[in-house]
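Index from 1, following the sequence.
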Amino acid sequence: MDRYLVFGHPVRHSKSPFIHTLFARQTQQELEYGLAEPAVDEFAQALRTFFAQGGKGCNVTVPFKEQAFTLVDRLSPRAKRAGAVNTIKLTDDGVLLGDNTDGAGLVADLKSHGVTLGDSRILLLGAGGAARGALAPLLAELPSELVIANRTHTKAQQLAAEFCDLGPVTAQTYEQLAGPFDLVINSTSASLQGELPPLAPALIHTDIAIYDMMYGASDTAFISWAKQHGARQTMDGLGMLVEQAAEAFTVWRGIRPGTKQVLRELKRNLGVI
């Protein structure tokens, strides 16, 4: 039976085995999917051992995505742009192909919620790996403007300069931000600590769409804050998790699973519904 893993540290909380087991059942694919939590300095060896022992593919999560980028034999165009790898496939000719499905998962989830990206004004909070992975897929949807805001402004400037060939992307400080925005995406991990980006409440209006890449059994701190200030459409990153997994499954197996029922099952599993 074909073997797949998710590598991370920590990774015991991961819902990837749950999601991919449902995908396999749905598409009648025979595979097993497990967890691997090597020490931070042992990831490279663990990855090599997994494939040497017959592994077919893996997902890679925090803190190994940038390291995985350097360990594969070949990179997909979107992995090159993202500077990080979250999906690895052993090809038929024995090559380790590194891909990044995070941005595609984000865009797919936004569209599933009816969010219009074309000709929209998007604010992306954060300039780390999650933001980097999202930029190319977002710009491919042809927004009128994409603004990056980050606590360390120079990082936002560097990121905007790196992606400006793909579309109208700029960097602003939080103090410079002026609305209206159609969509705000929080790519920072602030919600994990119950913290908020320093965003002015005046930027929130009833017709804005709010997206937090983090998720939990209840609203994240950022979503709760946005609702308090009048946002009517808010989304967390649970759908992105499922959509990026579906994209990875497609890379591995050549068949695209449906995501709606799997997302419902995941919400039940988490106690969200």
Side-chain angles (χ1 to χ4, degrees), residues 102-128 130-151 153 155-157 159-160 163-164 166-244 263 267 272-273:
D102 286 332
L106 170 65
V107 168
D109 192 37
L110 286 165
K111 289 182 175 180
S112 76
H113 284 94
V115 176
T116 299
L117 298 173
D119 203 34
S120 64
R121 191 162 184 253
I122 300 172
L123 173 59
L124 179 62
L125 307 179
R132 176 180 289 275
L135 273 168
L138 286 171
L139 290 168
E141 297 298 318
L142 305 179
S144 61
E145 184 181 15
L146 194 155
V147 177
I148 305 170
N150 188 60
R151 288 180 188 269
H153 183 52
K155 287 186 177 180
Q157 289 176 310
L159 206 54
F163 284 83
C164 66
L166 298 183
V169 56
T170 60
Q172 295 181 16
T173 66
Y174 278 98
E175 293 74 24
Q176 289 172 329
L177 294 174
F181 289 100
D182 301 297
L183 169 66
V184 178
I185 301 170
N186 180 25
S187 77
T188 76
S189 60
S191 287
L192 292 177
Q193 290 82 41
E195 299 172 355
L196 294 169
L199 194 66
L203 291 173
I204 306 301
H205 55 87
T206 55
D207 294 327
I208 202 168
I210 298 292
Y211 196 99
D212 194 339
M213 289 189 188
M214 301 299 110
Y215 63 87
S218 58
D219 283 346
T220 67
F222 184 63
I223 285 177
S224 293
W225 175 86
K227 283 181 176 179
Q228 290 167 10
H229 291 93
R232 291 188 297 202
Q233 184 177 21
T234 58
M235 300 149 280
D236 69 13
L238 200 59
M240 176 181 171
L241 175 68
V242 174
E243 293 290 351
Q244 66 81 23
L263 180 57
K267 286 181 176 179
V272 177
I273 57 174

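Atom OG1 of Thr188 and atom CG of Leu125 lie 6.5 Å apart (nearest 0.5 Å). Atoms CG and CE, on Asn186 and Met213 in that order, are 8.5 Å from each other to the nearest 0.5 Å. Between Ser144 atom OG and Ile122 atom CD1 the span is 8.0 Å, to the nearest 0.5 Å. Taking OG of Ser187 as the start and CE of Met240 as the end, the distance is 9.0 Å to the nearest 0.5 Å. How far CG of Leu166 is from CG of Leu139: 6.0 Å, rounded to the nearest 0.5 Å. Atom-to-atom distance recorded for Met235:CE and Gln233:CD is 4.0 Å, nearest 0.5 angstrom.
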Task: Asp109 vs Tyr211, side chain to side chain donor-acceptor pair (under 3.5 Å): CA-CA, chis, key distance, verdict - done: CA-CA 10 Å; Asp109 192 37; Tyr211 196 99; 2.7 Å; yes
Open item on the list: Before you tell me yes or no, could you show the steps for Phe163 and Leu146 under side-chain contact (heavy atoms from CB on, under 4.5 Å), namely the whole-Å CA-CA distance, both residues' side-chain angles and the distance that decides it to 0.1 Å?
Closed with: CA-CA 11 Å; Phe163 284 83; Leu146 194 155; over 6 Å; no
- [ ] Kindly indicate, with the supporting measurements, whether the criterion side-chain contact (heavy atoms from CB on, under 4.5 Å) is fulfilled by Leu135 and Leu124.
- [x] CA-CA 9 Å; Leu135 273 168; Leu124 179 62; 3.9 Å; yes
Task: Ile185/Leu123 under side-chain contact (heavy atoms from CB on, under 4.5 Å): CA gap, chis, key distance, verdict - done: CA-CA 6 Å; Ile185 301 170; Leu123 173 59; over 6 Å; no
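In plain terms, the two heavy atoms of Ile208 and Ala231 that are nearest each other are CG2-CB, 4.0 Å. For Ala127 against Ile148, the heavy-atom pair with the smallest separation is CB-CG2, 4.5 Å. Scanning all heavy atoms of the two residues, the minimum distance from Leu177 to Ala149 falls at CD1-CB, 4.0 Å. Residues Leu159 and Ala131 come closest through the heavy atom pair CD2-CB, 4.1 Å. Pairing each heavy atom of Glu145 with each of Val147, the nearest pair is OE2-CG2, 3.5 Å.
The shortest side-chain heavy-atom distance between Arg121 and Pro143 does not fall under the 4.5 Å cut-off. Side-chain atoms of Leu238 and Leu263, non-hydrogen and from C-beta on, do get closer than 4.5 Å to each other. Between Leu142 and Leu117 the shortest side-chain heavy-atom distance does not fall below 4.5 Å.
For the residue pair Asn150 / Tyr174, no side-chain donor-acceptor distance below 3.5 Å is found, with atom types taken as modelled.
Ring geometry for His229 against Trp225 counts as tilted: the plane angle lies between 30° and 60°, on a 0 to 90° scale.
A distance-only check finds a donor-acceptor pair linking the side chain of His205 to the backbone of Phe181 [under 3.5 Å]. The closest donor-acceptor contact from the side chain of Glu141 to the backbone of Leu138 lies at 3.5 Å or more, if one exists at all. Distance alone, capped at 3.5 Å, places no donor-acceptor pair between the Gln157 side chain and the Thr170 backbone. Although no hydrogens or angles enter the test, the distance criterion places no donor-acceptor pair under 3.5 Å between the side chain of Ser191 and the main chain of Gly194.
Applying the salt bridge (charged side-chain N to carboxylate O under 4.0 Å, His left out) test to residues at least two apart or on different chains, the pairs with a partner in residues 197-225 are Asp207-Arg232, Asp219-Lys227.
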